[in-house]
Amino acid sequence: MPGENPRLTWLNGKAPQDGSYVLYWMDRAQRAEANHALELATFMADRYEKPVLVVLRIGGEEPPITRRQATFMAEGLCELAGTLAERGIGFRVLPMAQEKTFREMLDKALIAVTDVGYLRYHRERRGWLGDNAPCPAVAVDTDCLVPVTAASEKAEYAARTIRPKINRQLDDFLKPLTERRPAKAFSGISLPDGIEPGDNHAIAEAAGNEGPEPVDWITGGHAQAADRLTKFLAHDLAAYDEERPDPNAARVSMLSPYLRFGQISPLEIALKARDAKADSASFLEELVVRRELAANWCHYRDGYDSYEALPDWARATLEKHRGDARNPGYTAAEMEEAKTGDEAWNAAMRQMKATGYLHNHLRMYWAKQILRWASSPQYALSTIMALNNRYFLDGGDHNSFANNLWTLGLHDRPFQENAVYGTVRPMTRSGLERKFDVKAYIRSVD
Ligand SMILES: Cc1cc2nc3c(=O)[nH]c(=O)nc-3n(C[C@H](O)[C@H](O)[C@H](O)COP(=O)(O)OP(=O)(O)OC[C@H]3O[C@@H](n4cnc5c(N)ncnc54)[C@H](O)[C@@H]3O)c2cc1C
């Protein structure tokens, strides 16, 4: 019975109306594969002998989707449109600004379904749907393996506190999802015009952000994500634990942009990783525990992107060291132009700008140096957040906010006291050199 499913949250108490279709407002989970919200919409549609209509709305995201991201997203939506059509499901992409059009579509729905994202604008969209749908509205958490509200009822302190809660329930949720075709195909119902799913310019325009240039080393869409996953599991998973800290080895999945746009489900990744020949424990720790800790953070802390949300100990120590000399010190503009005295850092900044991706270890180093050089911890956080979300293809994710704040102590513990950092964990160039060949990395970027 869907009402008892921990993935579901009913958004209002309205009764089904005599509508023409089940409307699924697709939000974060932009895929047809392993999508619990789409399968619920199909289940409901079959029950009422109606078709399914999927509507995706673009605009008002915070931070806004960049032009670089819009291209990646459009590639995914183009594939999605084809897959939905093959399954007899209707599909429209609408600018958020066309609210009247969306209301008219909603008025013809017998039930409305949406999926759960963990940021403020996702919450606002769900609230709006519950209030404005003339029919029952339900939200489905399909982007955490253990639904965020089932994993914990509060903002967790650290990975060590959420890990047992997640791991205890993992087997209950690590179950394949059957993808079904609705019994009734979506046809003969006229729909308003929308954005062409593959039109990256129209998507960028609806998102309202110019942002950096698109990149061509990666293509969006589920098929590409699944292909990348297969190669990673076959060639890199076995070395993941040992070689993960080394950006030169690149034994990582590079699936984060696909996860950011919901183009692949963490369920699909985890099931395939679990069945792989190599040990997947370290990889699942990142994909499930770390990623879902970040979802927990953004879901339960309304100010998930604010300096004030840092743990008390971190704010106290950063304030104590606020007056420490920054030597050298750089402005945000100097850093964005990669004009610091640290060639490894400059290479990371250049790679991030050119490709929209950076290995985790370099992201840590990159952000920790900004904390070292910026004139105050608040300036450091705003610089980290702005650059992260401007250049990374996976920026604007719950992972972005939790990890940006991690730089300043979130989900971490106090370390030995240092200048500027106080007791927040520092990172040094010599520490980087102990982990991998930094000169080879710099050469690989230039
Ligand atoms: C300062 C800083 C900023 C970051 N900004 C982002 C961001 O904007 N968007 C983003 O998705 N990730 C961010 N991360 C987390 C992490 O660096 C990336 O998710 C990871 O490097 C993506 O590469 P991958 O897919 O090859 O990861 P893999 O090592 O292959 O891991 C698989 C998946 O696990 C998850 N994961 C891995 N590391 C982490 C982590 N530390 N926290 C949470 N989930 C993790 C990701 O979803 C990733 O795709 C940031 C980390 C730091 C330290």
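In listed order, ligands and their atoms are each counted from 1.
- Asp115 is not listed as a side-chain neighbour of Gln30, based on a closest heavy-atom distance of 4.5 Å or more.
- Between Arg163 and Glu285, at least one side-chain N (NZ, or NE/NH1/NH2) sits under 4.0 Å from a carboxylate O, which counts as a salt bridge.
- Taking a cut-off of under 4.0 Å to the non-hydrogen atoms of Met364, the atoms of ligand 1 that pass are 53 (C).
- Atoms of ligand 1 lying under 4.0 Å from any heavy atom of Ser253, numbered from 1 in the order shown and given with element: 24 (P), 25 (O), 26 (O), 28 (P), 30 (O), 32 (C).
- Taking distance alone, with nitrogen or oxygen atoms compared against 3.5 Å, Arg244 approaches ligand 1 more closely than that limit.
- Within the 6.0 Å centre-distance limit, the rings of Trp373 and Trp345 are counted as a close aromatic pair.
- Below 4.0 Å from some heavy atom of Tyr357 lie the following atoms of ligand 1, by number and element: 23 (O), 24 (P), 26 (O).
- Residues Phe72 and Tyr258 bring their aromatic ring centres within 6.0 Å.
- In terms of protein heavy atoms, atom 13 (C) of ligand 1 is closest to Arg363 NH1, 3.4 Å.
- Between Gly395 and ligand 1 there is a heavy-atom distance shorter than 4.0 Å.
- Checked against a 3.5 angstrom limit, the closest N/O atoms of Ser256 and ligand 1 fall inside it.
- In this structure, Arg315 pairs ionically with Asp312, as a charged nitrogen and a carboxylate oxygen lie closer than 4.0 Å.
- A donor-acceptor pair under 3.5 Å links the side-chain atoms of Asn35 to the main chain of Leu38, judged by distance alone.
- Counting heavy atoms closer than 4.0 Å to ligand 1, residue Phe283 contributes side-chain atoms (C-beta onward) but none from N, CA, C or O.
- Inspection of the Glu336 and Tyr391 side chains reveals an N or O donor paired with an N or O acceptor under 3.5 Å.
- Remark: distances from the non-hydrogen atoms of Tyr258 to ligand 1 are all 4.0 Å or more.
- We find that Arg126 and Asp27 are not joined by a salt bridge, their nearest charged nitrogen and carboxylate oxygen being 4.0 Å or further apart.
- Of the options Arg7, Glu292, Gln169, a side chain to side chain contact (heavy atoms under 4.5 Å, CB included) to Pro147 is made by Arg7 and by none of the others.
- Residue His359 has no nitrogen or oxygen atom sitting less than 3.5 Å from a nitrogen or oxygen atom of ligand 1, judged on distance alone.
- Polar contact with ligand 1: present for Met254 (N/O pair, distance under 3.5 Å).
- Ranked by closest heavy atom to atom 42 (N) of ligand 1, the top entry among Leu405, Asn403, Asn404 is Asn403.
- With respect to atom 16 (C) of ligand 1, the closest heavy atom belonging to the protein is Asn360 OD1, 3.4 Å.
- Taking all heavy atoms of Tyr240, Phe232, Tyr365 into account, the minimum distance to atom 31 (O) of ligand 1 is reached by Tyr240.
- The shortest N or O to N or O distance between Ser400 and ligand 1 is below 3.5 Å.
- Residue nearest to atom 10 (C) of ligand 1, selected from Leu287, Asn399, Ile264, Ile269: Asn399 (by heavy-atom distance).
- Identified under the side-chain hydrogen bond (donor to acceptor under 3.5 Å, both in side chains) test for residues 138-150, with sequence neighbours left out: Arg28-Asp143, Arg31-Thr142, Arg31-Asp143, His36-Thr142, Tyr118-Asp141.
- In this structure, atom 39 (C) of ligand 1 lies nearest to the protein heavy atom Glu286 OE1, 3.7 Å.
- With hydrogens and angles left out, the side-chain atoms of Glu156 and His411 include no donor and acceptor closer than 3.5 Å.
- Of the candidates Asp236, Val289, Thr407, Asn388, Asn388 brings a heavy atom nearest to atom 3 (C) of ligand 1.
- Taking the six-membered ring where tryptophan is involved, the planes of Trp366 and Phe392 are perpendicular, since the angle between them exceeds 60° and thus also 30°.
- Less than 4.0 angstrom separates some heavy atom of Ala367 from each of these atoms of ligand 1: 1 (C).
- Applying the salt bridge (charged side-chain N to carboxylate O under 4.0 Å, His left out) test to residues at least two apart or on different chains, the pairs with a partner in residues 54-71 are Glu61-Arg125, Arg67-Glu213.
- Backbone and side-chain nitrogen or oxygen atoms of Leu255 are examined, and one is located within less than 3.5 angstrom of a nitrogen or oxygen of ligand 1.
- The ligand atoms of ligand 1 that sit less than 4.0 angstrom from a heavy atom of Leu259 are 47 (O), 49 (O).
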